[in-house]
Amino acid sequence: MMRRIRIRCGDLEAAATLNDSSTAQAIWEALPIAGSANVWGDEIYFRIPVTLAEDDAQDVVELGDLGYWPPGNAFCIFYGPTPMSRDNEIRPASPVNVFGRVEGDPLVFKSATSGTAVVIERIE
């Protein structure tokens, strides 16, 4: 079953596809989720009502990946380098569970600002 979500951050919007991981399932079951964006380099993250441990967590992610950051119970959208990145890599603050990917161009989030309302909902 393909699980798709809509991510809205203020006026910015993108669709994303979730993978088959247990992290993706837990987030899917918690939807809809609303929060307030924090911007860290080219990453948006915000606390969500899901508590999970690391599950095949990754130190480096790809452009457009969605990650769950266990230490902060946070949903993360990666659209470029973070302050922890070296060279051209995209490196979270600490390992994240990658659970999905933005469809299309993740750079749509480049103009996001901290404090902006974020809403994640299912596309049925």
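Note: hydrogens, waters and symmetry copies are ignored here, and every other heavy atom, side chains too, is used. This is a predicted model, so every value here is computed, not measured.
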Quick one: closest heavy-atom pair of Tyr79 and Pro106, and the distance?
-> CB-O, 3.3 Å

Partner set under side-chain contact (heavy atoms from CB on, under 4.5 Å) for Glu54, not counting sequence neighbours = Ala57, Pro70, Pro95, Asn97

State, yes or no, whether a side-chain contact exists between Leu12 and Ser111 at a heavy-atom distance under 4.5 Å.
-> yes

With sequence neighbours left out, what residues match Glu103 under side chain to side chain donor-acceptor pair (under 3.5 Å)?
-> Arg4, Thr17

Set of residues satisfying ring pair (Phe, Tyr, Trp, His ring centres under 6.0 Å) with respect to Phe109, sequence neighbours excluded = none

Can you tell if the side chain of Gln25 reaches within under 4.5 Å of the side chain of Phe99, non-hydrogen atoms only?
-> no

Taking only residues two or more places apart in sequence or in another chain, which ones pass ring pair (Phe, Tyr, Trp, His ring centres under 6.0 Å) with Tyr68?
-> none

Between atom CD1 of Ile33 and atom CZ of Arg122, what is the distance when rounded to the nearest 0.5 Å?
-> 10.0 Å

Between Val60, Ile90, Leu63, Ile44, which is the residue that forms a side-chain contact (heavy atoms from CB on, under 4.5 Å) with Phe78?
-> Ile90

Is any side-chain heavy atom of Ile27 less than 4.5 Å from a side-chain heavy atom of Ile5?
-> no

Side-chain donor/acceptor of Thr116 to backbone N/O of Cys9, under 3.5 Å | no

Salt-bridge test for Glu121 and Arg8: reply yes if a basic N is under 4.0 Å from a carboxylate O, no otherwise.
-> yes

Which residues share a side-chain contact (heavy atoms from CB on, under 4.5 Å) with Pro71, sequence neighbours left out = Trp69, Ser94

Is any side-chain heavy atom of Tyr45 closer than 4.5 Å to a side-chain heavy atom of Ile77?
-> no

Option from Leu52, Leu18, Val98, Val50 for which side-chain contact (heavy atoms from CB on, under 4.5 Å) with Thr23 holds = Leu52

Going through the distances and angles, do Leu66 and Val61 end up as a side-chain contact (heavy atoms from CB on, under 4.5 Å)?
-> CA-CA 9 Å; Leu66 301 179; Val61 299; over 6 Å; no

Measure the spacing between SG of Cys76 and CZ of Phe46 and express it to the nearest 0.5 Å.
-> 8.5 Å

Regarding Ser22 and Asp55, is there a side-chain donor-to-acceptor distance under 3.5 Å anywhere?
-> yes

Linking I/L/V/M/F/W/Y whenever any side-chain heavy atoms sit under 4.5 Å apart, do Val96 and Met84 land together?
-> no

Between Arg101 and Asp65, which heavy-atom pair has the shortest distance, and what is it?
-> NH1-OD1, 2.6 Å

Side chain to side chain donor-acceptor pair (under 3.5 Å) against Ser36, all qualifying residues, sequence neighbours excluded | none

Roughly how far, to the nearest 0.5 Å, is the CD atom of Glu124 from the CZ atom of Arg6?
-> 10.0 Å

From Glu43 CD over to Thr82 OG1, what is the distance, rounded to the nearest 0.5 angstrom?
-> 6.5 Å

Indicate, with yes or no, if Val102 and Val119 share a hydrophobic cluster defined by side-chain heavy-atom contacts under 4.5 Å among Ile, Leu, Val, Met, Phe, Trp and Tyr.
-> no

For Glu89, does its backbone N or O pair with a side-chain atom of Asp87 as donor and acceptor, under 3.5 Å?
-> no

Count the heavy atoms belonging to other residues, nucleotides or ligands that lie under 6.0 Å from CD of Glu13, then report whether that count exceeds 12.
-> yes

Of all heavy-atom pairs between Ala112 and Val39, which one has the smallest distance, and what is that distance?
-> O-CG2, 3.8 Å

